[in-house]
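Notes follow once the structure below has been shown.
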Amino acid sequence: MRHLSEEDTDAILAGLTLAGMIVGGLGQWAFADRPAGAMAGIAGLALVYLAGGVPAGLRALRTLWVERVLDIDLLMVIAALAAAAVGAAAEGAVLLTLFSLSTTLEHRAMGRAQRAVEALMALRPDTALLLEPEGVREVPVEDLRPGDVVVLRPGARVPVDGVIRTGEGALDEATITGESMPVHKLPGAPVFEATVNLNAVLEVTVSRGIAESTVARMIALVTEAQAAKAPSERFSAWFGQRYTVVVLLGSVLAFAVLLWLGLGWDAALYRAATLLVAASPCAIVISVPAAILSALSAAARGRVLFKGGAALETLAAVRTFAFDKTGTLTTGKAEVTGLVCEGGEEAFLARLAGIEAHSEHPIADAVRRAAVARGLTPVAVREARAVPSEGMVGVDDEGMLWAGNARLAARMGARGEAVIPPEIAALSDGAETLVMLGRGARILGAVTVADLPRDSSKAGLVALRQAGVRRIEMLTGDRRAVAVRIGAELGIAPDEIHADLRPEDKVKLVAGFAAQGRVAFVGDGVNDAAALARADVGIAMGAAGSEVALQAADVALLSDDMNRLAMAHRLSRRTARVIRQNLIFAMGAMLLLVTGGLFFNLPLPLAVVGHEGGTLLVVLNGLRLLADPIRGKH
């Protein structure tokens, strides 16, 4: 039998309380002159006080006894009992009914914010196809261990994090990274739990069990973030606890003063109970967590994980963003950007790819990918060997062949304008890597290879500037010529570019920026851990599956879409505005109700409606942030 949740219990009690009000009200209205009407009224009020008052009172007393904290619920129960004591039991019942209904709605609303992320994780598969020597066997996902091999059929969800062993195909990673387009995966590529294999049969080697998977870490991180209090949350809780004591003492003092002024016991107690309700700080206490939890959930739905409300609040105040270049603003993967050669380009590229096929260097990988993109088959090259820091040499069907930089060209006798064609000499401006292919002193052609900006980087930086970010700085260990070329493409001025940096240099620069205001550092989370930790807000790009990124940063972007960073910044600023709106409204409403209770004989039912209505309004205003998920542009 399923155990009732706190929300279910609240709903049942609220239903009983409302039923009691209806029974009592209808009984007295329909049978006002008969004993049955009086009995129905008493029964209804008793049900209201039992269902709406006893559980709330017990919770409040337990909190007071165990945590030494005076809960606001206790104020409502005391006010209702005071109303009953002076013959206004019906008004006390109205207070308990509205209080019970509003508490239920608040818990439902806050539960919705907390469940927004977990609902996304319901897509985790329960079983997997384990590959064994005797064949394939279906097993529970929790039984998988690192090193196991699972078979993914087309349309199947990935059961755990792993690495493709055999096969290649497209995977839908929207559940993890939020990317709308399928990602083509080759052997050796990582795959993440809960993503979908679209069109191929894959064999995947398990790298992490379900307890340490990307999804499990996402759930843990979001849960910790929701539990970690932001500064404004801590203040509202601190204020609420102390102010509650002030309200209770103030109501007792008001009762004594009213008695001293000759108002009478019943009237003084009624006015004191009204003041108790009017001055209760429920709306103030709930206004901040309602906004924070909603924003954290909206961000997580957009695959941006904050490590708590403090990071969310701090990001709203950031006006300086410092970016690592390689792997953050750029793809971190070299690409062929230019080609000059004798004869046909395809024959040249196939020959260059043939010799580079024997190298593990990133530049060689770029050449091979360029050949694959054109559908070329690399020319067979044998006896290939690497020349450290210079390139590769080998033998093809026409003789000895070499591919490399100017030092290797000079070693082979190709030096000076007479040997290096001017079109090749002009191909590189020093901001890209030049790779030449030749035979002896004769140069057959060359390609340039460079790391390129991400497709989303420029739009993301523009959005940050439009949002009021004053400074955007690029920090890189790469050569200045390379950094300036990337900066020019992204709209970053030369004086905002800092090149040839070591990790400790980045930390010093971030510290200097922080001395002038809040600063966020955006890096890949692997080699920028120190700078991420030094910044007011450390943000890791493309952190899906990266333990280092999740540990080092305050904010983790699970995809490589820079637009998500700009939208996370916008969400944090909107959250700050909603918190201000909530606090201003809550304090204004409380001041109005207290003034009415002290000087204008405010009726208890109106105080109840104002108090509970104001509390619900600030919760609903905070929940508006749930409708503002972070989305990338594709």
Side-chain angles (χ1 to χ4, degrees), residues 168 181 183-189 325-381 384 386-394 396 401-409 412 414 420-439 442-458 476 478-479 481-490 542 560:
E168 65 175 279
M181 298 300 294
V183 180
H184 190 74
K185 299 274 187 172
L186 299 172
K325 179 183 73 68
T326 306
T328 302
L329 291 173
T330 67
T331 62
K333 183 182 290 186
E335 303 284 350
V336 173
T337 58
L339 188 154
V340 173
C341 66
E342 297 178 356
E345 290 186 357
E346 292 189 353
F348 168 80
L349 191 56
R351 200 170 297 277
L352 179 59
I355 191 170
E356 295 290 11
H358 300 273
S359 172
E360 297 298 325
H361 196 280
I363 292 176
D365 180 60
V367 172
R368 292 194 297 270
R369 282 186 283 107
V372 170
R374 296 195 186 197
L376 304 178
T377 301
V379 172
V381 174
V387 180
S389 302
E390 294 184 5
M392 297 286 296
V393 296
D396 66 359
L401 192 71
W402 59 267
N405 56 25
R407 290 194 300 275
L408 183 58
M412 296 298 175
I420 300 178
E423 60 270 22
I424 291 180
L427 185 60
S428 175
D429 59 1
E432 298 174 317
T433 300
L434 182 67
V435 179
M436 292 176 280
L437 178 69
R439 294 186 189 280
R442 179 188 171 201
I443 297 178
L444 304 177
V447 296
T448 49
V449 178
D451 186 13
L452 299 178
R454 296 188 187 279
D455 294 337
S456 62
S457 289
K458 186 170 184 178
T476 179
D478 212 337
R479 293 176 293 122
V482 176
V484 169
R485 175 181 63 82
I486 296 294
E489 295 184 45
L490 298 178
D560 294 320

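Starting from 1, each residue takes its place in the sequence as its number.
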If you define the side chain from C-beta out and look only at heavy atoms, does anything of [X] sit under 4.5 Å from [Y]?
| X | Y | value |
| --- | --- | --- |
| R439 | L444 | yes |
| T337 | L452 | yes |
| M436 | W402 | yes |
| H184 | E168 | yes |

(request) Keeping the roles fixed (side chain from H358, backbone from V381), state whether a donor-acceptor pair exists under 3.5 Å. (result) yes
Taking all atoms of both residues into account, what is the closest heavy-atom pair of [X] and [Y], and its distance?
| X | Y | answer |
| --- | --- | --- |
| T331 | P453 | CG2-O, 4.2 Å |
| A403 | L352 | CB-CD1, 3.7 Å |
| A366 | V449 | CB-CG1, 3.9 Å |

(message) If you apply the rule side-chain contact (heavy atoms from CB on, under 4.5 Å), what do you find for F348 with L339, and how did you get there?
(response) CA-CA 9 Å; F348 168 80; L339 188 154; 4.1 Å; yes
So how far is it from [X] [atom1] to [Y] [atom2], rounded to the nearest 0.5 Å?
| X | Y | atom1 | atom2 | result |
| --- | --- | --- | --- | --- |
| T476 | K325 | OG1 | NZ | 4.5 Å |
| I355 | M392 | CD1 | CE | 6.0 Å |
| L437 | I424 | CG | CD1 | 9.5 Å |
| E489 | T330 | CD | OG1 | 10.5 Å |

Could you pull out all residues at least two apart from [X] that satisfy side chain to side chain donor-acceptor pair (under 3.5 Å)?
| X | answer |
| --- | --- |
| E335 | R369 |
| S457 | none |
| R374 | E345 |
| S359 | none |

(request) Not counting sequence neighbours, list each pair that qualifies as a salt bridge (charged side-chain N to carboxylate O under 4.0 Å, His left out) and has a residue in residues 447-458. (result)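 Pairs touching residues 447-458 that pass the test: R454-D560.
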(request) Not counting sequence neighbours, list each pair that qualifies as a salt bridge (charged side-chain N to carboxylate O under 4.0 Å, His left out) and has a residue in residues 347-359. (result)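 Residue pairs with at least one partner in residues 347-359: R351-D396, R351-D397, R351-E398.
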(request) Check each of V336, N405, V447, T433 against I363 using the side-chain contact (heavy atoms from CB on, under 4.5 Å) test, and report the only one that passes. (result)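 Going through the options one by one, the only one that passes is T433.
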